[in-house]
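Since the structure comes first, as structure tokens, the remarks are kept for the end.
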Amino acid sequence: MAPGEHDETACARISELLARVGDKWTVLVIRHLGAGPTRFNALKRQIGDISQKMLATTLRSLERDGFVTRSVTPTTPPQVEYALTDLGYSLLGPVCALARWTIENAERIEAARRAFAAREGAAQPLRTPAPHDLWRA
């Protein structure tokens, strides 16, 4: 689709995918799985403030969309490990680039928000997430 063209099907598909891959938890899960296969509880500890239900939902969606594989080792109790697929690894580059761009431009965005708030007489400008909020090491 060339710039300026309107294709409702393509726009809907792009919007749906951007909503999936732009989600806060998806970004963090993709980032952590980029280091290699990880068990559920280890992934939960690495991410920190995600609930067990939200992590399970995020992983299920990523598996459904082909970004993540789920492997079960038949032990007692079963061990479940998640890993990025080739498609998931191909998403890791753009996700990292977007995170870097956000961190590099956070101050510029905050300055623009302060200027906008001053012009509009707003009480508080919107807060740009601190780099550690978006992309914890």
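Numbering starts at 1 and runs along the sequence shown. All values derive from a computational prediction rather than experimental measurement.
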For [X] versus [Y], what's the shortest heavy-atom pair and its separation?
| X | Y | answer |
| --- | --- | --- |
| Tyr89 | Leu33 | OH-O, 4.0 Å |
| Thr38 | His32 | OG1-O, 4.4 Å |
| Ser51 | Lys44 | C-CE, 4.1 Å |
| Gly34 | Leu92 | CA-CD2, 3.7 Å |

So do the side chains of [X] and [Y] get within less than 4.5 Å of each other, counting heavy atoms only?
| X | Y | answer |
| --- | --- | --- |
| Ile50 | Leu28 | no |
| Thr57 | Arg60 | yes |
| Leu62 | Ile30 | yes |

Distance check, rounded to the nearest 0.5 Å: [X] atom [atom1] versus [Y] atom [atom2]?
| X | Y | atom1 | atom2 | value |
| --- | --- | --- | --- | --- |
| Arg39 | Tyr82 | CZ | OH | 11.5 Å |
| Phe40 | Leu59 | CZ | CG | 6.5 Å |
| Lys53 | Thr58 | NZ | OG1 | 11.5 Å |
| Thr69 | Glu81 | OG1 | CD | 8.5 Å |

Subject >> Heavy atoms from other residues, nucleotides or ligands near CD of Gln79 exceed 12 (cutoff 6.0 Å) >> reply: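 Result for CD/Gln79: enclosed.
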**OP:** Answer yes or no: are there more than 12 heavy-atom neighbours, outside Arg64 itself, under 6.0 Å from its atom CZ?
**Re:**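 Counting other residues, nucleotides and ligands, CZ of Arg64 exceeds 12 neighbours.
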Are the side chain of [X] and the backbone N or O of [Y] linked by a donor-acceptor pair below 3.5 Å?
| X | Y | result |
| --- | --- | --- |
| Thr85 | Gly66 | yes |
| Asn105 | Arg108 | no |
| Asp65 | Phe67 | no |
| Ser90 | Leu87 | yes |
| Thr73 | Thr75 | no |

**OP:** For Arg70 and Val80, run side chain to side chain contact (heavy atoms under 4.5 Å, CB included): C-alpha distance rounded to whole Å, both residues' side-chain angles, the deciding distance at 0.1 Å, then the answer.
**Re:** CA-CA 7 Å; Arg70 179 180 186 266; Val80 179; 3.6 Å; yes
